[in-house]
Colleague: 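Could you have a look at this structure, given as structure tokens, before my questions?
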Amino acid sequence: QLQLVESGGGLVQPGGSLRVSCAASRFTLDYYAIGWFRQAPGKEREGVSCIRRGGGSTNYADSVKGRFTISRDHAKNTVYLQMNSLKPEDTAIYYCAAGRRCELRPYEYEYWGQGTQVTVSS
């Protein structure tokens with residue numbers, strides 16, 4: 001079974017940057033669409049970004065367009081989410097997920113990581 005591990009979360013000041021990573025062992029992530037989701041306390045899980053199988057086209061939630069960038073490193077079997085110009089409302093647990101299609105709906109994804117906390121605060 002595919003296992004995903006997120007890393008790179010932490011505390012950052014408003015306006016700062018952070019990069020979170022999603023890595024897998026034993027299975028190549030190229031075979032999957034990878035999505036990034038986030039969930040803040042008391043809120044539903046929301047789609048942030050996704051990238052199609054094998055790389056290529058991407059999709060972003062309106063709230064992060066122009067600030068976040070999703071990418072793949074095929075050699076490292078890792079998908080990244082580069083987050084710039086961070087705002088306090090970006091504070092959440094960030095999850096990566098693997099599925100068949102690049103969609104921002106959680107139910108499209110079969111495999112999930114355990115999440116990494118991102119806190120944006122001064």
Side-chain angles (χ1 to χ4, degrees):
Q1 184 172 346
L2 179 63
Q3 292 183 328
L4 303 173
V5 179
E6 301 97 335
S7 61
L11 173 65
V12 62
Q13 292 187 343
S17 297
L18 206 61
R19 188 179 75 169
V20 290
S21 303
C22 175
S25 58
R26 299 174 57 203
F27 296 92
T28 177
L29 292 181
D30 286 354
Y31 296 152
Y32 298 90
I34 302 297
W36 280 99
F37 295 82
R38 65 187 181 186
Q39 189 164 18
K43 294 189 176 181
E44 293 186 353
R45 189 168 298 190
E46 65 168 336
V48 174
S49 181
C50 63
I51 187 166
R52 284 186 64 181
R53 288 185 287 183
S57 63
T58 59
N59 195 12
Y60 297 91
D62 288 344
S63 58
V64 306
K65 278 181 183 175
R67 301 189 298 124
F68 290 12
T69 303
I70 191 171
S71 62
R72 289 184 187 265
D73 185 325
H74 301 283
K76 293 185 178 180
N77 201 30
T78 300
V79 174
Y80 301 103
L81 184 69
Q82 176 68 43
M83 303 182 290
N84 299 328
S85 302
L86 282 161
K87 305 174 182 179
E89 51 264 43
D90 294 318
T91 295
I93 299 175
Y94 282 71
Y95 300 89
C96 68
R100 297 182 179 181
R101 303 196 303 172
C102 175
E103 299 286 351
L104 297 182
R105 296 183 289 265
Y107 64 79
E108 295 280 353
Y109 294 82
E110 302 173 62
Y111 305 100
W112 291 82
Q114 81 290 348
T116 185
Q117 177 71 48
V118 172
T119 302
V120 184
S121 175
S122 55

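Note that the numbering runs from 1 along the sequence shown for the chain.
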Colleague: If you link I, L, V, M, F, W and Y whenever their side-chain heavy atoms are under 4.5 Å apart, who else ends up in the same group as Tyr80?
Modeller: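 Result for Tyr80 is none, singleton.
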
Colleague: For Thr119, which residues count as a side-chain hydrogen bond (donor to acceptor under 3.5 Å, both in side chains) partner, sequence neighbours excluded?
Modeller: Gln117

Colleague: Going through the checks in order, is the side chain to side chain contact (heavy atoms under 4.5 Å, CB included) test met by Val20 and Glu6?
Modeller: CA-CA 7 Å; Val20 290; Glu6 301 97 335; over 6 Å; no

Colleague: Could you go through Leu86 and Phe68, starting from their C-alpha distance and side-chain angles, then the distance that decides it, and tell me whether this counts as side chain to side chain contact (heavy atoms under 4.5 Å, CB included)?
Modeller: CA-CA 9 Å; Leu86 282 161; Phe68 290 12; 3.8 Å; yes

Colleague: Can Trp36 be reached from Val12 by stepping across I, L, V, M, F, W or Y side chains whose heavy atoms are under 4.5 Å apart?
Modeller: yes

Colleague: To check you understand the geometry: which heavy-atom pair defines the closest contact between Leu29 and Arg72, and what is its length?
Modeller: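 Here Leu29 and Arg72 meet closest at O-NH1, 2.9 Å.
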
Colleague: For a quick test of reading the model, state the closest non-hydrogen atom pair linking Ser17 to Ser85 and the distance between them.
Modeller: OG-N, 4.4 Å

Colleague: Given 3.5 Å as the limit, does a donor-acceptor pair link the side chain of Asn77 with the main chain of Phe27, or not?
Modeller: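 Pair found, side chain donor or acceptor close to backbone of Phe27.
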
Colleague: With sequence neighbours excluded, tell me which residues meet side chain to side chain contact (heavy atoms under 4.5 Å, CB included) with Ser7.
Modeller: Ser21

Colleague: Give a yes or no on whether Glu89 atom CD has more than 12 heavy-atom contacts from other residues, nucleotides or ligands under 6.0 Å away.
Modeller: yes

Colleague: Mind checking what makes side chain to side chain contact (heavy atoms under 4.5 Å, CB included) contact with Glu108, not counting sequence neighbours?
Modeller: Arg101, Glu103, Arg105

Colleague: Who pairs with Gln3 by side chain to side chain contact (heavy atoms under 4.5 Å, CB included), at least two apart in sequence or on another chain?
Modeller: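 Result, side chain to side chain contact (heavy atoms under 4.5 Å, CB included) vs Gln3: none returned.
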
Colleague: Search all heavy atoms of Ala92 against all heavy atoms of Ala40 and return the closest pair with its distance.
Modeller: CB-N, 3.8 Å

Colleague: Does the side chain of Arg38 reach to within under 4.5 Å of the side chain of Ser63, using non-hydrogen atoms?
Modeller: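 Heavy-atom side-chain distance check passes, below 4.5 Å.
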
Colleague: Please assess Arg67 against Asp90 for the test side chain to side chain contact (heavy atoms under 4.5 Å, CB included), listing each intermediate value before the final yes or no.
Modeller: CA-CA 11 Å; Arg67 301 189 298 124; Asp90 294 318; 2.8 Å; yes

Colleague: Could you identify which residues cluster with Leu104, counting Ile, Leu, Val, Met, Phe, Trp and Tyr as linked when any side-chain heavy atoms lie under 4.5 Å apart, either directly or through a chain of such contacts?
Modeller: none

Colleague: At what distance, to the nearest 0.5 angstrom, does CD1 of Ile51 lie from OG of Ser57?
Modeller: 8.0 Å

Colleague: In chain order, what residues pass the salt bridge (Lys or Arg N to Asp or Glu O under 4.0 Å) check against Lys65, with sequence neighbours excluded?
Modeller: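 Salt bridge (Lys or Arg N to Asp or Glu O under 4.0 Å) list for Lys65, sorted by chain: Asp62.
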
Colleague: Tell me the salt bridge (Lys or Arg N to Asp or Glu O under 4.0 Å) pairs involving residues 12-21, sequence neighbours left out?
Modeller: none

Colleague: Mind listing the closest non-hydrogen atom pair of Gln114 and Leu4 along with its distance?
Modeller: OE1-O, 3.6 Å

Colleague: So if you build clusters from Ile, Leu, Val, Met, Phe, Trp, Tyr with side-chain heavy-atom gaps below 4.5 Å, do Leu2 and Tyr31 land together?
Modeller: yes

Colleague: Test of understanding: with side-chain hydrogen bond (donor to acceptor under 3.5 Å, both in side chains), list the residues that count as partners of Asp73, not counting sequence neighbours.
Modeller: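 Per chain and number, Asp73 pairs via side-chain hydrogen bond (donor to acceptor under 3.5 Å, both in side chains) with no residue.
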
Colleague: The criterion is side-chain hydrogen bond (donor to acceptor under 3.5 Å, both in side chains); which residues satisfy it with Asn59, sequence neighbours excluded?
Modeller: none

Colleague: Does one hydrophobic cluster hold both Tyr95 and Tyr32, with members joined at side-chain heavy-atom distances below 4.5 Å?
Modeller: no

Colleague: Looking at every heavy atom in both Thr91 and Val120, which two are closest together, and how far apart are they?
Modeller: OG1-N, 2.9 Å

Colleague: Run Ser49 and Leu81 through side chain to side chain contact (heavy atoms under 4.5 Å, CB included) and show every step you take.
Modeller: CA-CA 8 Å; Ser49 181; Leu81 184 69; 4.1 Å; yes

Colleague: Could you tell me which residues satisfy side-chain hydrogen bond (donor to acceptor under 3.5 Å, both in side chains) with Gln82, sequence neighbours excluded, listed by chain and number?
Modeller: Asn84

Colleague: Decide yes or no for Thr58 and Cys102: does some side-chain heavy atom of the first lie under 4.5 Å from some side-chain heavy atom of the second?
Modeller: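 Answer no - side chains too far apart.
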
Colleague: Checking Phe37 now: which residues fulfil ring-ring contact (aromatic ring centres under 6.0 Å, His included) with it, not counting sequence neighbours?
Modeller: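 ring-ring contact (aromatic ring centres under 6.0 Å, His included) check on Phe37 returns Tyr109, Trp112.
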
Colleague: Looking only at atom types and distance, does a side-chain atom of Arg100 sit under 3.5 Å from a main-chain N or O of Glu110, one as donor and one as acceptor?
Modeller: no

Colleague: Which heavy-atom pair separates Ala61 from Gly47 by the least distance, and what is that distance?
Modeller: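 The answer is CB-O, 3.4 Å.
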
